[in-house]
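Throughout, protein chains are lettered first and strands after them, A, B, ... in sequence-line order, and every chain is numbered starting at 1.
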2 protein chains.
Amino acid sequence: MLRMSRNLNYAKPWAVTTQRELILDILQEAGAHIDAKEVYRRANERDPRISIATVYRSLRLFKETGLIDERRLGQMRCCYEIKRRGEHHHLICRGCGRIVEVEGPLIQQLVMQLQRENRFHVTKAELCLEGYCEACEENQR
Amino acid sequence: MLRMSRNLNYAKPWAVTTQRELILDILQEAGAHIDAKEVYRRANERDPRISIATVYRSLRLFKETGLIDERRLGQMRCCYEIKRRGEHHHLICRGCGRIVEVEGPLIQQLVMQLQRENRFHVTKAELCLEGYCEACEENQR
DNA sequence: ATAGGTGCAAATGGTTTGCGAAAAC
DNA sequence: GTTTTCGCAAACCATTTGCACCTAT
């Protein structure tokens, strides 16, 4: 188990406890797009004593230290994912709920341009697309 | 006062009651980016008997009939605005909360391209940018 | 011994719902 | 006279917080 404490953006160092490690593992395994409730569900499977409060506290901590990203997909769900290299965005199917990740230089360029045009320093860019995938589009009729 | 009932995407026609009219007026006057709480606050000023439930029910109705758009800005706030011509997106300042609207052909193009590449029929595209405006960027130090 | 982390239960805040009364058709 | 809408209060759900206990320095 990791023993050291870390210091990123966060003011104070923090300990990697067994609970936090478990939650990190779950986020790692999930890869992407997992919400708090599901994190709790899976954590609870492996450690029935863990509390939902701990899950929320950990997610907040990880978010603040920059370990994970928080995103909003679809209607209202709030999802978390381990931070990765390379911006990517999401396309969510209203039919089957499938989530497709998209990336590419155009998004970056677009953000850069908007930044310049509006004299803004952009710290977070989120493009969220909803629609229907090929299969669901056909089923619609 | 409008008296007719309307029929857009929504299955059943619905009446334009005084409450709904009031809420529509408020949305109209606000122009954009107003959340449920603020709609209620203003509605309550003019008609102290109106209930928050009516506000939520009306917002949902308007959204479903396509009269207004629901968007998520910044952290978690859910905002509403009368539907307008021309896509536009939002840039929100984490410092002062100011919201800048941006538009332009590049966003459209980007969405079109992603649509093609992923064989998706996109029904809703939302680009949400967070950052710091010029003034707040300087104040930061 | 002290600071930080956890579990529990209660609090919070935003949104929705059940229901009887009122209004619209 | 039916159907829809409203106001109210209660319910709901996700998230946060206060607090006593626990754990690792």
Can you establish whether the number of heavy atoms outside A:Arg46 located under 6.0 Å from its atom CZ is more than 12?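 Result for CZ/A:Arg46: enclosed.
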
Starting from [atom2] on [N], measure out to [atom1] on [X] and report it in whole angstrom.
X	N	atom1	atom2	answer
A:Glu70	D:dA14	CD	C1'	12 Å
B:Glu21	C:dA24	CD	C1'	15 Å
A:Glu38	D:dT15	CD	P	13 Å
A:Leu61	C:dG4	CG	P	13 Å
A:Asp35	D:dC13	CG	P	15 Å
B:Tyr56	D:dA11	OH	P	19 Å
A:Lys63	D:dT15	NZ	P	10 Å
A:Trp14	D:dT25	CH2	P	15 Å

Detail all sub-3.5 Å separations between protein N/O atoms and N/O atoms belonging to nucleotides 6-8 of chain C.
| residue | atom | partner | partner atom | Å |
| --- | --- | --- | --- | --- |
| C:dT6 | OP1 | A:Thr17 | OG1 | 2.6 |
| C:dT6 | OP1 | A:Gln19 | OE1 | 3.4 |
| C:dT6 | O3' | A:Gln19 | NE2 | 3.0 |
| C:dG7 | OP1 | A:Arg49 | O | 3.1 |
| C:dG7 | OP2 | A:Ser51 | N | 3.2 |
| C:dG7 | OP2 | A:Thr54 | OG1 | 2.4 |
| C:dG7 | O5' | A:Arg49 | O | 3.4 |
| C:dG7 | N7 | A:Arg57 | NH2 | 2.8 |
| C:dG7 | O6 | A:Arg57 | NH2 | 3.2 |

Once the angle between the rings of B:Phe62 and B:Trp14 is folded into 0 to 90°, is it parallel (under 30°), tilted (30 to 60°) or perpendicular (over 60°)?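 Tilted, since the angle between the ring planes falls between 30° and 60°.
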
Contact nearer the 5' end of DNA chain D, comparing A:Lys37 with A:Arg60: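 Comparing both residues, the 5'-ward one is A:Lys37.
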
Any side-chain donor-acceptor pair under 3.5 Å between B:Gln113 and B:Glu117?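 B:Gln113 vs B:Glu117: donor-acceptor pair found between side chains.
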
Using the salt bridge (Lys or Arg N to Asp or Glu O under 4.0 Å) criterion, which residues pair with B:Glu101? Sequence neighbours excluded.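 Partners of B:Glu101 by the salt bridge (Lys or Arg N to Asp or Glu O under 4.0 Å) criterion, ordered by chain and then number, come out as B:Arg84.
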
Should B:Val16 and B:Ile23 be counted in the same cluster of Ile, Leu, Val, Met, Phe, Trp and Tyr side chains packed under 4.5 Å apart?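 Yes, B:Val16 and B:Ile23 fall within the same hydrophobic cluster.
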
B:Arg57 with B:Glu64: basic N within carboxylate O range, under 4.0 Å: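 No, this pair does not count.
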
